[in-house]
Amino acid sequence: MAMPNFQHADQLLSVSPQENQGDCACKSVAAILFGNGSDCKLCPLMRRRSAGAIPLGAKYRLIDAVVSNCINSNITKLYALTQFNSTSLNSHLTRTYSNVGLGKEEFLQVIAACQSPENQSWFQGNADAVRRFLWMLEECPATEFLILPGYHLYRMDYQDILQLHHETRADITISALRLEERHDKGFGILKVDSDNKVLEIFEKETAFPLVGNVRNSEDNNHTTYASMGIYVISKDVMVNILKEDLSWANDFKSEVIPGAVSLGMKNMETKTSSKIPIGIGQGSFIRKAIIDKNARIGKRVKIINNDNIQEGSREDEGIVIREGIVIITRNAIVPDDTIL
């Protein structure tokens, strides 16, 4: 069986729906949001509600930030799977989105945990929840599913990861962050080769002894990243994994994704997300260069064509030189202290 691709997430940003009206890639995508989280840091707030229902501002909940990301990315087929302390979350989603009028064939559908004649138990994990409702998801007019935790607070244009998923013809694409000390043990750690293929996945407490003090630098052509728990999975791949190859797996992060790596599915690659913000970092110097939209220039970077190169291309890094002019392409990332 083909192995999932995992790729780079170069941006964490929001866009207006108007900017994406001409993009059809998201029309074939449905999002699956999970309302439950196991983050112990949120436990005091989860005694009577699920993680996704934790209040945010005056009238919002954490899950609203994720729904907003989806709508702003033109993803308007959404399923919210809920179970743990779900009364508050189910009520909020129903009241907030039932009359929004997303448009024809566009919806947010709450799927609450339930028992059935075939299965008397509750959801055993988020992958088990998806497996129980594959009969519904298979009928959805989508070719890919975007798997999202519904209780994380961030801004992101999901079109980037979807575009990369299509360009690489991936089976699975993961959004990941550059690994930092502050990332807690809840982050899965990805060991990635120079072609962005995921080689191994660890929990953080077991990953660090294996990668030593390397963090984000290369170690024998390998790099480590922290998974965000955001996945794009092609529909047929998801169905095969959950029904056949990994029919025992109940959790995406700890069982399905590592299991997919072990299966040796083709082109398993990562989409990583830099913490360098869009724009030009402090102390950087730029001369005779063109910086395209949404490029991220780190701190103390010098873009001066130091070797007076007239023609050159490192397009995989987002750097091109034409007639001596350095061009930093759209969405490119130039790390801190780089000299070009």
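Using bins of under 30°, 30° to 60° and over 60° for the plane-to-plane angle, the ring pair Phe34/Phe252 lands in the tilted bin. A tilted orientation is assigned to the rings of Phe145 and Tyr79, their planes being inclined by 30° to 60°. Using cut-offs of 30° and 60° for the angle between ring planes, the Tyr158 and Tyr154 rings count as perpendicular.
Looking only at side-chain heavy atoms (C-beta outward), Val301 and Ile303 come within less than 4.5 Å of each other. The shortest distance between side-chain heavy atoms of Tyr231 and His165 does not fall below 4.5 Å. Residues Ser28 and Glu144 form a side-chain contact, since some pair of their non-hydrogen atoms from C-beta on lies under 4.5 Å apart. Within the 4.5 Å cutoff, the side chain of Leu164 has no heavy atoms near those of the Val232 side chain. Between Thr82 and Ile111 there is no side-chain heavy-atom pair separated by less than 4.5 Å. In this structure, Thr329 and Ile319 have side chains that are not in contact, with every pair of non-hydrogen atoms separated by 4.5 Å or more. Using a 4.5 Å cut-off on side-chain heavy atoms (C-beta onward), Val130 and Leu242 make contact.
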Next on the checklist: Please evaluate residues Ser234 and Asp171 with respect to the criterion side-chain hydrogen bond (donor to acceptor under 3.5 Å, both in side chains), reporting the C-alpha separation (whole Å), side-chain torsions for both, the decisive distance (0.1 Å), and the verdict.
Outcome noted: CA-CA 6 Å; Ser234 299; Asp171 294 321; 5.0 Å; no

Next on the checklist: Determine whether Arg49 and Ile54 satisfy the following criterion, side-chain contact (heavy atoms from CB on, under 4.5 Å), listing intermediate values before the conclusion.
Outcome noted: CA-CA 7 Å; Arg49 61 169 77 92; Ile54 293 174; 3.9 Å; yes

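In this structure, the side chain of Thr96 does not engage the main chain of Leu93 through any donor-acceptor pair within 3.5 Å. Judged purely by atom type and a 3.5 angstrom limit, Glu255 uses its side chain to pair as donor or acceptor with the backbone of Asn250. Between the side chain of Ser73 and the main chain of Asn69, a donor-acceptor pair closer than 3.5 Å is present.
Of all heavy-atom pairs between Tyr151 and Gly52, the closest is CB-N, 3.8 Å.
Using a cut-off of 4.0 Å between Lys/Arg side-chain N and Asp/Glu carboxylate O, Arg322 and Glu311 are scored as salt-bridged. Salt-bridge check for Lys288 with Glu323: failed, with every basic side-chain N at 4.0 Å or more from each acidic carboxylate O. Using a cutoff of 4.0 Å between basic side-chain nitrogens and carboxylate oxygens, Asp128 and Arg131 are scored as salt-bridged. Between Arg300 and Asp337 a salt bridge is recorded (basic side-chain N to carboxylate O distance below 4.0 Å).
Side chains of Arg155 and Ser68: a donor-acceptor N/O pair is absent below 3.5 angstrom, by distance only.
A side chain to side chain contact (heavy atoms under 4.5 Å, CB included) with Ile328 is found for exactly one of Ile280, Ile286, Ile297, namely Ile297.
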